[in-house]
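Single-structure report; data block below.
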Number of protein chains: 2
Amino acid sequence: MAGSAKPVDPRLTKDAILRTALRIVDAHGIDGLSMRKLAAELGVNPMSLYHHVANKAAVVNGITRLVTDGARDIAVGPGRWPDQLRQLAYAFRALSLAHPHLMRHAFTGDDFIQRRGPMWQALCDVLRTAGLPEAEVEQTGAVLTVLVGGLLLTEVNGTMRRLIGADAADDAGFALAVDLLINGIATRVSRTDMI
Amino acid sequence: MAGSAKPVDPRLTKDAILRTALRIVDAHGIDGLSMRKLAAELGVNPMSLYHHVANKAAVVNGITRLVTDGARDIAVGPGRWPDQLRQLAYAFRALSLAHPHLMRHAFTGDDFIQRRGPMWQALCDVLRTAGLPEAEVEQTGAVLTVLVGGLLLTEVNGTMRRLIGADAADDAGFALAVDLLINGIATRVSRTDMI
DNA sequence: ACCTGAACACCGTTCAAGT
DNA sequence: ACCTGAACACCGTTCAAGT
């Protein structure tokens, strides 16, 4: 009656495959990941992988999901809306900096930023409580998300650090950018209020 | 006395190589470019290329330069500083949309946005005339550049179009983002004035 | 059902031998 | 000086033959 009829190779679990792949990407970048190296790291025949994952693209997609799922428990605390926006921006940043190599690749792709997901919902909620008219919430949320996403890409790929030639350039640049965006939203909110 | 002693193969000019490579990238994306296909397109032996370009990275770097050099003649017209900032943003956008595949790759790399170049100078000049204190000009210029760069990446890779499910999503998103940034700058400028 | 060796169609790059 | 065939060290993926 026990369901343990067929002993499965623990190295060929989808979970084991993806976690090993993520470890490789974190250590050696996206170009350091190949199906053959992944198999070697698992101590497994390269061809066996294709019985458990469709192809390399599925592996990369899988580890991206793995990481973004780690952000499911994002929740904004109480406070003024600018502080809440700041919280979300820095949560997004923490996610990126935890896996810079992966993020550098994910931002380039077209399926990384998802409408679903707690980040998007939380952001739109904050914008509503800030007083942004409902008709502008979705579009503004999208624009804010891609702006911060692009900002994080330039931090992760070193552009920001190179443009601002200073210690802690990334911290300063990110803080300045977030302030700029919050000020931009504030203008829009108050202007709408005045009409 | 005429310098035309050795007839050089016109297909193996650095210029011909780069322009053909750019044509391939524009048509088939970065992944559609290989040294072997480039040689085939030129009607030339693949190995001959290595006598005129160092490697594939040099080719990609070369076509990136080729495109960005096309923006040398960027100049802001007269007007209020918000309109001037808008001009620069849209000039940057035109550059991106002219070669979306290349830009999608270039933004990912860490050496695309250059401190040198007319774009950077023009941007900093506008920020100065807007009344931003000299100490903040460089950093703000850098942040604005990477924000707009990231914005263009999401337009070029389709993220913006997917997040905003509407016709002309790219145009609307870009316009909204630029307004947001200009409002953010305006707040910073006027606040500084008031101190 | 799962594994796997061989094979296919590609890569970038080097290098010795040619002219 | 420039060209080029062969070769090396890689890829992702397929597939028939095994268990």
Side-chain angles (χ1 to χ4, degrees), chain A residues 2-18 20-64 101-102 104-106 108-109 111, chain B residues 2-18 20-64 101-102 104-106 108-109 111:
Chain A
S4 59
K6 314 151 196 171
V8 288
D9 191 331
R11 302 168 301 174
L12 283 172
T13 310
K14 200 166 214 164
D15 193 68
I17 293 174
L18 292 182
T20 304
L22 178 56
R23 192 151 40 85
I24 293 175
V25 169
D26 280 342
H28 307 291
I30 273 284
D31 292 336
L33 176 69
S34 75
M35 295 300 272
R36 287 165 149 104
K37 283 179 192 165
L38 175 53
E41 193 77 13
L42 285 163
V44 142
N45 185 292
M47 302 316 144
S48 301
L49 292 175
Y50 286 92
H51 292 276
H52 301 92
V53 292
N55 48 35
K56 186 182 177 179
V59 172
V60 174
N61 206 311
I63 64 180
T64 306
H101 284 132
L102 178 62
R104 183 167 172 171
H105 178 265
T108 307
D111 55 352
Chain B
S4 61
K6 315 151 198 170
V8 288
D9 191 332
R11 301 168 301 172
L12 284 172
T13 309
K14 200 168 216 165
D15 194 68
I17 292 174
L18 292 182
T20 304
L22 178 56
R23 191 150 40 84
I24 293 174
V25 169
D26 281 343
H28 307 291
I30 273 285
D31 292 336
L33 176 69
S34 73
M35 294 301 272
R36 286 165 149 104
K37 283 178 190 165
L38 175 53
E41 193 76 13
L42 285 162
V44 141
N45 185 291
M47 303 315 144
S48 302
L49 292 176
Y50 286 92
H51 291 276
H52 301 91
V53 293
N55 47 34
K56 186 183 177 177
V59 172
V60 174
N61 205 312
I63 64 180
T64 306
H101 284 133
L102 177 63
R104 183 166 172 171
H105 177 266
T108 306
D111 55 352

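Just so it is clear, the model here is predicted, and its values are computed rather than measured. Proteins get letters first, then strands, A, B, ... in listed order; numbering begins at 1 in each.
- Nucleic acid contact for S34(B): sugar-phosphate only, since backbone atoms but no base atoms lie under 4.0 Å from a heavy atom of the residue.
- Contact between H101(B) and I30(B) at its shortest, heavy atoms only, is O-CG1, 4.1 Å.
- Per the geometry, CG belonging to N55(B) stands 16 Å off C1' belonging to dC15(C), to the nearest Å.
- Under the Watson-Crick or G-U wobble criterion, with both distances below 3.5 Å, dC15(D) is paired with dG5(C).
- Taking atom CG on N45(A) and atom P on dT13(D), their separation rounds to 15 Å, with Å as the unit.
- Residue H51(A) places none of its side-chain N or O atoms closer than 4.0 Å to OP1 or OP2 of dT4(C).
- The two residues I63(B) and V25(B) make their nearest non-hydrogen contact at CD1-CG2, 3.8 Å.
- Atom pair L49(B):CG and dT13(C):P shows a separation of 11 Å (rounding to whole Å applied).
- In this structure, M47(B) reaches the bases: a heavy-atom distance under 4.0 Å links it to at least one base atom across the strands shown.
- When the C1' atom of dG12(C) is taken as reference, atom CD1 of I30(B) falls 15 Å away, rounded to whole Å.
- Side-chain contact between V8(A) and T13(A) is absent, with no heavy atoms from C-beta onward closer than 4.5 Å.
- Distance CZ (R36(B)) to P (dA7(D)): 14 Å, rounded to an integer number of Å.
- One can place NZ of K56(A) at 15 Å from P of dC11(C), the figure rounded to the nearest angstrom.
- Rounded to a whole Å, the OH atom of Y50(A) is 11 Å from the P atom of dC11(D).
- The minimum heavy-atom distance between M35(B) and V53(B), with the atom names listed, is CE-CG2, 4.1 Å.
- Distance noted for atom C1' between dC8(C) and dC11(D): 12 Å (whole Å).
- Within a 6.0 Å radius of CG in D31(A), other residues, nucleotides and ligands contribute 12 heavy atoms or fewer.
- Distance check on atom C1': dC10(D) versus dA9(C) gives 13 Å, rounded to whole Å.
- At whole-Å resolution of the value, CG in L33(B) and C1' in dC10(C) are 14 Å apart.
- Note on K37(B): a side-chain N or O is less than 4.0 Å away from OP1 or OP2 of dC11(C).
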